[in-house]
There are 2 protein chains.
Amino acid sequence: MTGTYVDDLSVAGQAISLRSLVADRLRQAIVTGRFPPGSQLRERELCELTGVSRPSLREAFRILEAEGLIATAPHRGPVVTAMTVDEVGHLYALRRLLETFAAREFARRRRPEDIVALKRAVKRLDEIEATGSPFELLEAGTTYYSAIAAGSGNPYLAQALGTLHNRIKLIRFISLQKEGRAQGIESLRILGDAIVAGDEEGAERIVSEHLDRIAVLARAIVESGYALPSEPAVTI
Amino acid sequence: MTGTYVDDLSVAGQAISLRSLVADRLRQAIVTGRFPPGSQLRERELCELTGVSRPSLREAFRILEAEGLIATAPHRGPVVTAMTVDEVGHLYALRRLLETFAAREFARRRRPEDIVALKRAVKRLDEIEATGSPFELLEAGTTYYSAIAAGSGNPYLAQALGTLHNRIKLIRFISLQKEGRAQGIESLRILGDAIVAGDEEGAERIVSEHLDRIAVLARAIVESGYALPSEPAVTI
DNA sequence: TACAAGTTTTTTGTATGACAAGCTGGTCAT
DNA sequence: ATGACCAGCTTGTCATACAAAAAACTTGTA
């Protein structure tokens, strides 16, 4: 009867604990710019916003700290991490290494369920390419990258890539609002084709070139202090 | 006057907080086998052992959980992570990807201070190769790998490699007690030479071959349930 | 004896209140 | 204006409490 039922009946990947819920919410708030890089997170304030007690909030802080989203200075509390231009370069260098490997592995393995997930992600991107909001595009892109990571079949690689993506999600979000939104969707489409076709070299090359392109944009965004074009930089 | 003074005057990298001290101690205990894979970590017990309160201990748990050293099931508390044979394969595949990249980057950049640290690490390995205890060899090896990671110049890569190494440190420790201790030190020596000489291809090749070799040993150790040869497997 | 159901005990998850330590910003004197 | 000092606030840590869930134990039954 195996195969009749889904393999995994777990509702949420992790059990529902308050700390993980809080961590999820805070992560979302950080990567979408509600708490911009450099801003302080005060316990009092966040306890009221989230409705949880200090211990639970502080445990959530430790999770986000380990992910690199916040940095905690002693007796000064957590601050949302801000990257320098050099750090963005390093981050994208590592992302390139991991993502080219993931794409190549995906093209080599091609597990059916991973292929299905990938095609679904591409389809979703196609659907909202014209009509979708930047936020919808952001989430669709995240789904796509997760599909690539999962398709590698390597859970450690997938986790490392997930962490990396969280660190650059805000940059992607700004980029989507700044540049023409369809910036790199074409690349994702042809990458999907290459993977489905089992073209390892092609997949690796496409990822490589794609990342080299958007790394330039990312660098520019950090250089301008994570600023959107609409909101003028604070000069006083 | 730049260059006359050291760039970084910070005394301790991280501030001394109880949670980080506790996390350090627990990490050390886990990776040296005091809490073997699969063992449960009870709050009560560890509060007494460490002398800290439950909130501080729980914050330390979240740090170790994010590092993948423990896994927490709801209402059952943290358990020291045990890898399957497949997972070891994935872990070493990722390690190979990251470490070859680090070695290559190191050989390309060759910053003087990194070279000094590397030479010092090799020297230390040479000194204790014959006389040192397995634990000393373990720590010397860790220092060596940290030097490689730091030499890449990429902090994100270094962090990812550090996390990976924590996850396999116990396997290395068992391996050092099991096999002839000088197992792979020769490889580390010639890798150091290649990096110092700026031989990128050579460095990458040496790391690759070295990791392929020890991955086999790691797989065997996990297959046997992290068992040392001296202590017989529990069969009843 | 073996087994199953129910109950007690233990452990985790979370909240509250408390207090020391250290940072921040303002005030005051020079 | 500069520097020292002080009040207020925030974080770091602890002790305690209690609900909920799991684990262990007891008890009754076949």
Side-chain angles (χ1 to χ4, degrees), chain A residues 9-27 29-30 35-82 236, chain B residues 9-27 29-30 35-82 236:
Chain A
L9 285 181
S10 66
V11 187
Q14 273 281 34
I16 44 166
S17 61
L18 272 188
R19 60 169 179 274
S20 56
L21 286 180
V22 171
D24 289 346
R25 296 294 182 91
L26 291 182
R27 191 184 300 111
I30 290 173
F35 300 126
S39 55
Q40 289 211 353
L41 303 181
R42 279 177 210 81
E43 291 186 357
R44 186 77 188 279
E45 191 179 326
L46 289 178
C47 279
E48 291 173 1
L49 281 176
T50 60
V52 302
S53 65
R54 282 183 68 204
S56 295
L57 179 67
R58 288 172 63 87
E59 289 189 38
F61 279 166
R62 298 294 89 77
I63 297 173
L64 300 177
E65 189 175 15
E67 294 175 5
L69 288 180
I70 63 176
T72 305
H75 285 282
R76 237 180 300 176
V79 172
V80 178
T81 306
I236 293 183
Chain B
L9 285 182
S10 67
V11 185
Q14 274 281 36
I16 43 165
S17 61
L18 272 187
R19 60 170 178 274
S20 57
L21 286 179
V22 172
D24 289 346
R25 295 294 182 91
L26 292 182
R27 191 184 299 111
I30 290 173
F35 301 125
S39 56
Q40 288 210 354
L41 304 180
R42 281 179 209 78
E43 292 186 356
R44 184 84 182 276
E45 191 180 325
L46 288 178
C47 280
E48 290 173 3
L49 280 176
T50 60
V52 302
S53 64
R54 281 184 67 206
S56 295
L57 179 67
R58 288 173 62 87
E59 289 189 39
F61 279 165
R62 299 292 91 77
I63 297 172
L64 300 177
E65 191 175 15
E67 294 175 4
L69 289 180
I70 63 177
T72 305
H75 285 283
R76 238 179 299 174
V79 171
V80 178
T81 305
I236 294 182

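The structure presented is a predicted model; accordingly, all values stated were derived computationally and were not measured. Throughout, protein chains are lettered first and strands after them, A, B, ... in sequence-line order, and every chain is numbered starting at 1.
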(message) Tell me which one of A/Leu26, A/Leu41, A/Val79 satisfies side chain to side chain contact (heavy atoms under 4.5 Å, CB included) with A/Ile70.
(response) A/Leu41
Between atom [atom1] in [X] and atom [atom2] in [N], what is the gap in whole Å?
{"X": "A/Gln40", "N": "D/dT11", "atom1": "CD", "atom2": "C1'", "value": "11 Å"}
{"X": "B/Leu46", "N": "D/dC14", "atom1": "CG", "atom2": "C1'", "value": "17 Å"}
{"X": "B/Arg44", "N": "D/dC14", "atom1": "CZ", "atom2": "P", "value": "17 Å"}
{"X": "A/Glu48", "N": "D/dT10", "atom1": "CD", "atom2": "P", "value": "10 Å"}
{"X": "B/His75", "N": "D/dA21", "atom1": "NE2", "atom2": "P", "value": "6 Å"}

(message) To the nearest 0.5 Å, what is the distance between CZ on B/Arg25 and CG on B/Leu46?
(response) 13.0 Å
(message) Nearest 0.5 angstrom please: B/Ile30 CD1 to B/Thr81 OG1, how far?
(response) 7.5 Å
(request) Can you see which heavy atom on A/Ala66 is nearest to which on B/Ala66, and at what distance? (result) CB-CB, 3.2 Å
(request) Return the minimal non-hydrogen interatomic distance between B/Arg19 and A/Thr72, and the atom names on each side. (result) NH2-CG2, 3.8 Å
(message) Could you check whether B/Arg62 pairs with B/Glu59 (Lys NZ or Arg NE/NH1/NH2 to Asp/Glu carboxylate O, under 4.0 Å)?
(response) no
Find every protein N or O atom lying less than 3.5 Å from an N or O atom of nucleotides 14-16 of chain C, and list the pairs.
unit_1, atom_1, unit_2, atom_2, d
C/dT14, OP1, A/Leu18, N, 2.5
C/dT14, O4, B/Arg54, NH1, 3.4
C/dA15, OP2, A/Ser53, N, 3.0
C/dA15, OP2, A/Ser53, OG, 2.7
C/dA15, OP2, A/Ser56, OG, 3.0

(request) Report yes if a side-chain nitrogen or oxygen of B/Arg76 is closer than 4.0 Å to either non-bridging phosphate oxygen (OP1 or OP2) of D/dA22; otherwise report no. (result) no
